[in-house]
Colleague: 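Right, I'll just put the structure down here and ask away after.
First listed ligand is number 1; within each ligand, the first listed atom is number 1. We count residues from 1, following the sequence as given.
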Amino acid sequence: MKTLLKNARLLTMDEHVPDCENGWLTVEKGRITALGPGPEPEGADEIVDCRGGLLLPGFVNTHCHAAMVPFRTLGDDCADRLRRFLFPLEQEAWTRELSFLGTKYAAAEMLLSGITTAADMYYYEDAAADAFVEMGLRSCPGETVICQKAPGSDTPEEALTRSEALLRRWAGSEWVRPLIAPHGTTTVTEEYLQKCMALAEKYDTLLTLHACEMDDEMRHFAERGQTPVSFLDSLGLCGPRLLAVHGIHLTESDIALMADRGARIATCPASNMKAGKGIAPIRDAERAGIAWGLGTDGPSSGNTLSMFDQMRLFAVGQKTRYHDRRLFPAREIVRAATRGGARALGMEDAGALVPGFRADLTLVSVDRPSLFPLWDPYSALVYGAGAADVSLVMTGGVIRVREGKLTGADLSSLRRDLEAVLVPFRCAAEKYRDVLS
Ligand SMILES: [Zn+2]
C-alpha cells in the first residue's frame, strides 16, 4: 500500500531536507519513503489532496495523564487540589474501566489535535496501553508508583510489579514503549525511587517523574540544603534516563547538572501557568543543551490535550519570563513540539519529515480567517492555529483523522461509553462540593 499526499506545504523539521511550498510525500509500510517539490511520483494506491495545507510531523506529547478526563473542570481554582480532593477521589472512585475508557477518549482528543505520540503516567496503565493501541496513538505509558494506597496498587511494590508486567508485555513494540513513572520527588521514598531506577535500567527505558514543581516540594528540599535535582542526583537518578516533568524551579546549578548528566525535561506551560506555579527556565535549559519537549499534562491540569495551546503559551511564557521578544522563534517551538519531543522520549526516527522516518503526520488546514496570510507558516501554527484546524492525522502510515473526523472511532460513542461508567465517580465527587465551591 503506497499513499501519496500531494499539494502540501511541507514543514520537515530537518535541516537537511528543505521545506517546500507545493510538495508531496509518499508513505509505505508505515514509513515515509520520499518527499519533495516537483512532479509527483506515479503508482500510489491512495492519493490525498492536502489542498495547500501545512504538512508536518505529528506532535509528540511528552507528559500526560490521559485517563483523567472525568476530572476536567473539577475544582480548577481550588488550592492544593492534589491533596484536598484529587488523591482522595482517586483512591475512592477510580477504576480500571475508567482508565481504559478515559484514555480512549483522551486518545481521540489527542489525535484530533494532531498528536501522534504521548508519554503517559497514571493508574492501570495496562488498560491505558490497550486503549492507545485501539485508537492508533503511539504511547509511552508508565504505571504511577507512589508511596500511598493508589488505584490498582495498595503498595508501591504492587505498582512496580504492574510496571514490570507492562514492560514485559510490550517489549519490542513500535506502538507501546513503556517507561517507569514514580509520581514525584516527595511522594516516593528514596528506596522506591531507586527501585524504579533499577527497573528502568533493567529494561533499558526512561524514568519520568514530577520534579521542581510544587512549593512544598521546594521547601522540603531547601530545609535539607538540597534541590529536587541534587536529591535525585544523590540517588543516581539524574542521568540520561531521567525525563523530569515541569522543572519550574530549576536553578542554574540544577540545569548545569542535568546537562552534564544528559537528563531530559518535559515542560507543561498550560498546566503550570493555570496553577500559578511559574514558568520553567527553558531558555537556559536549551542553551545548556538539555533535550526537552512540550507536554499537555492531564486533562484536569491543562484542560485541553492540544499542543497548539502548549506552543502558544510556551512562547508567551518564555518571552515574558525573560523580557525578550526574540526568544524562541516560532519554528523552534514547532520543532520542540515535534522532533524535540521525540528526542526527549528517545525516539530518533520520529518527529521529522525524512525518508525512513515513521509516517506519523499531521495536516493543518489554513482555511480559517486567523491563518491568512501565511508569511510565516510556523508563526501561524504557534499563534493562529488550533486543534480545530487539524484536518488529517496519520500514525504508522494509517489515516486516523480525515476531514477533521476520526476514521476508526466515533467521538460521541466514546463519550457515551465513558459517561456510562461515570456514575460512581460522579457520586464520590459530590462529597467534595464544599471544597470546590
Ligand atoms: Zn503531571
Colleague: Answer whether the closest heavy-atom distance between the side chains of I279 and P269 falls below 4.5 Å.
Modeller: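 Heavy-atom side-chain distance check fails, nothing below 4.5 Å.
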Colleague: Run the side chain to side chain donor-acceptor pair (under 3.5 Å) check on D417 and Y105 step by step: do they pass?
Modeller: CA-CA 9 Å; D417 293 347; Y105 186 89; over 6 Å; no
Colleague: With a 4.0 Å cut-off on N to O distance, would you call R169 and D126 a salt bridge?
Modeller: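 Between D126 and R169 there is no salt bridge, as every charged N stays at least 4.0 Å from the carboxylate O atoms.
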Colleague: Kindly report the OD1-the Zn ion (ligand 1)-NE2 angle for D297 and H210 respectively, rounded to 10°.
Modeller: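 Nearest ten degrees: 170°.
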Colleague: Quick check: does H63 have an N/O/S atom under 2.8 Å of the Zn ion (ligand 1)?
Modeller: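 Looking at H63, which is the residue asked about, there is an N, O or S atom under 2.8 Å from the Zn ion (ligand 1).
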Colleague: Could you tell me whether R168 and E164 have a side-chain N and a carboxylate O separated by less than 4.0 Å?
Modeller: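 Result for this pair is yes, salt bridge flagged.
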Colleague: Give a yes/no answer: is there an N/O/S atom of H246 under 2.8 Å from the Zn ion (ligand 1)?
Modeller: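 Coordinating: no.
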